[in-house]
Number of protein chains: 2
Amino acid sequence: MAAREYGQYCGVTRALELVGERWALLIVRDLLVGPRRYGELAAGLPRIPSNILAARLKELQGAGIIRRAPRSRIIIYELTPYGRELEPVVLALSAWGFRALDEPRDEQVVTPDAMTITLRSAFQADAAASLPPTRYAARIGAAELDVRVSGRALAIARGAAETADLAFAAGPGIRRLLSGELAAQPAIATGEIELLHGPAALLDRFALTFRVAA
Amino acid sequence: MAAREYGQYCGVTRALELVGERWALLIVRDLLVGPRRYGELAAGLPRIPSNILAARLKELQGAGIIRRAPRSRIIIYELTPYGRELEPVVLALSAWGFRALDEPRDEQVVTPDAMTITLRSAFQADAAASLPPTRYAARIGAAELDVRVSGRALAIARGAAETADLAFAAGPGIRRLLSGELAAQPAIATGEIELLHGPAALLDRFALTFRVAA
DNA sequence: CCGGATCCTGGATGATACTG
DNA sequence: CAGTATCATCCAGGATCCGG
């Protein structure tokens, strides 16, 4: 038996043998947002050593979780259908881990892909279904996202939306907004969330749409 | 920053910092079935070194995921409410990893706790809701489970039920039954699943009740 | 025997430099 | 850009030991 195997006939152990190594699920997390090049992955995981990134990409490929897709001259990594089915795992980890976050420290970065997954895991489809379609331009830390909600559908793209209904910038306060610890209007009042464009009431709608349940 | 941290402000990274180390989620898996003593955990994870088990228990305790509960003179480990909320994570990993299992190898064991989680992750509450309450005595590898299904409720205990509606013994064939690859009656016909007591038709019901979706 | 603690070694991880 | 190569470090794993 390979040394790193757990010696059990069990789905959990098999899953951990495939994606349980350090950094592996973070690569999957970013690829869940979209196909990425090697350099994009490295940028989204600033602390990963390049040899580890290269090794993980090979292992994930061997396990049938990701594939290399040559596009003209550049190489793109993308999830296979089986790899995409890790989405429930990553979203569950995101929702659970989010509640263990405290205030961000200086050395902690907020990447667009990580924030996209955070919002996906916080998305309340039931609540959104009864709300009008809304487009948000959210700047959270250094990450700018174009967030479109329409009924039970959610689409998040990188970059700021040109014609958002609401544009806002948030720092650490985003955590307490998403956890429900802090309501939208107090967050604006204290400056924890800065409105850049659009009616303040739409931030209440945002808070209804995205919520990490306690 | 601690060396083992990922340097991102993100729920996924936080979760992996808390339960991403080797063996940690397997301890959680077994504790999701019920409180366990140190020796019971060691027995359910035959290949874990005792120092690693001790270290993980301390770390999980420090993270507020498990707690030590002194019962008279013995020490019991159990999940905290926050730890119990890892259940969606573990079940999602179980369902995903189950599909990557191939035939069990000789050195792979099947523990009662692992099998309990497997069945929980495969439980189809919607299908079960329209079926009559049923009690199964399932022997899978060396693990004997008492499985009671009543409407959308599922209760699994260790040991064989005395008065089950259906008693059966399965080996590797259980995987193909749960995956839908193999139907109940062919599994009986080929001897992959051995009926010990009760009508064969109840194995069809079992297969409808427990299914790892592809 | 239970519930660990201690010591030691090998391999995985991490930092850095380098290359087609 | 997309990785290798090299070297240092640290953790996992195995064996052993200890206190109640």
Side-chain angles (χ1 to χ4, degrees), chain A residues 1-8 12-13 16-28 30-31 34-63 66-78 107-109, chain B residues 1-8 13 16-28 30-31 35-63 66-78 107-109:
Chain A
M1 170 166 37
R4 306 291 295 178
E5 298 189 2
Y6 288 104
Q8 304 193 3
V12 182
T13 53
L16 292 176
E17 283 161 7
L18 294 176
V19 296
E21 275 174 302
R22 212 166 143 69
W23 296 106
L25 268 181
L26 298 179
I27 294 171
V28 172
D30 286 4
L31 290 180
R36 293 284 181 266
R37 302 175 54 170
Y38 184 97
E40 293 174 316
L41 290 170
L45 303 167
R47 294 173 57 85
I48 194 174
S50 66
N51 56 347
I52 298 293
L53 176 56
R56 291 292 172 276
L57 288 173
K58 260 183 205 136
E59 294 159 10
L60 291 171
Q61 223 182 309
I66 69 174
R67 71 165 75 99
R68 288 166 64 117
R71 297 263 199 285
S72 66
R73 304 216 25 194
I74 60 180
I75 293 166
I76 298 274
Y77 293 93
E78 63 186 12
E107 71 276 13
Q108 290 184 312
V109 300
Chain B
M1 173 167 34
R4 306 291 296 178
E5 295 188 4
Y6 287 103
Q8 304 194 4
T13 53
L16 291 177
E17 285 161 5
L18 295 177
V19 294
E21 273 175 304
R22 210 164 147 67
W23 297 104
L25 268 181
L26 297 181
I27 294 170
V28 172
D30 287 3
L31 291 180
R36 293 284 181 266
R37 303 176 54 171
Y38 183 96
E40 293 175 317
L41 290 170
L45 304 167
R47 293 173 57 87
I48 194 175
S50 68
N51 59 341
I52 300 293
L53 175 56
R56 291 293 172 276
L57 289 173
K58 255 181 210 140
E59 294 159 11
L60 291 171
Q61 224 182 310
I66 68 174
R67 71 164 77 97
R68 287 165 66 116
R71 296 264 198 286
S72 64
R73 306 216 25 192
I74 60 182
I75 293 166
I76 298 273
Y77 293 93
E78 62 185 13
E107 71 276 15
Q108 290 185 313
V109 300

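Residue numbers start from 1 in every chain, and the chains themselves are labelled A, B, ... in the order their sequence lines are given, proteins ahead of strands.
Rounded to 10 degrees, the angle separating the terminal axes of the helix from C:dC1-D:dG20 to C:dG20-D:dC1 is 30°, with each axis obtained from five end pairs.
A:Ile66 pairs in a side-chain contact (heavy atoms from CB on, under 4.5 Å) with only one of the listed residues (A:Glu59, A:Gln61, A:Lys58), which is A:Gln61. Between B:Glu78 and the options B:Arg68, B:Arg67, B:Arg36, a side-chain contact (heavy atoms from CB on, under 4.5 Å) holds for only B:Arg67.
C:dG3 atom P lies 14 Å from atom CD1 of B:Ile27, rounded to whole Å. The distance from atom CZ of A:Arg71 to atom C1' of D:dC1 is 17 Å, rounded to the nearest whole Å. Atom C1' of nucleotide C:dG14 and atom CD of A:Glu21 are separated by 14 Å, given to the nearest angstrom. A straight line from CZ of B:Arg37 to P of C:dC1 spans 14 Å, rounded to a whole angstrom. Computed from coordinates, the B:Glu5 CD to C:dG14 P distance equals 13 Å when rounded to whole Å. Look at CD on A:Glu17: it is 14 Å from P on C:dA12, rounded to the nearest Å. A:Leu60 has its CG atom 13 Å from the P atom of D:dG3, to the nearest Å. Note: CG (B:Leu16) to P (C:dT13) measures 14 Å, nearest angstrom.
For B:Pro46 against A:Gln8, the heavy-atom pair with the smallest separation is CD-NE2, 3.7 Å. For A:Leu60 against A:Ala24, the heavy-atom pair with the smallest separation is CD1-O, 4.1 Å. The two residues B:Ile76 and B:Pro35 have their closest heavy-atom pair at CG2-CB, 3.4 Å.
For the pair B:Arg56 (side chain) and B:Arg22 (backbone), a donor-acceptor distance under 3.5 Å is present. Put simply, the side chain of B:Glu5 never gets that close to the backbone of B:Thr13: no donor and acceptor are under 3.5 Å apart.
B:Tyr6 and A:Trp23 have perpendicular rings, their planes meeting at more than 60° on a 0 to 90° scale where under 30° would count as parallel.
At a threshold of 4.0 angstrom between heavy atoms, the contacts of B:Arg56 are confined to the sugar-phosphate backbone, with no base atom among them.
The side chain to side chain donor-acceptor pair (under 3.5 Å) check on B:Glu21 picks up nothing, with sequence neighbours excluded.
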Strictly under 4.0 angstrom, non-hydrogen atoms only: write out the protein contact profile of nucleotides 4-11 of chain C, one letter per nucleotide from the 5' end, B, S or -. BBBB----
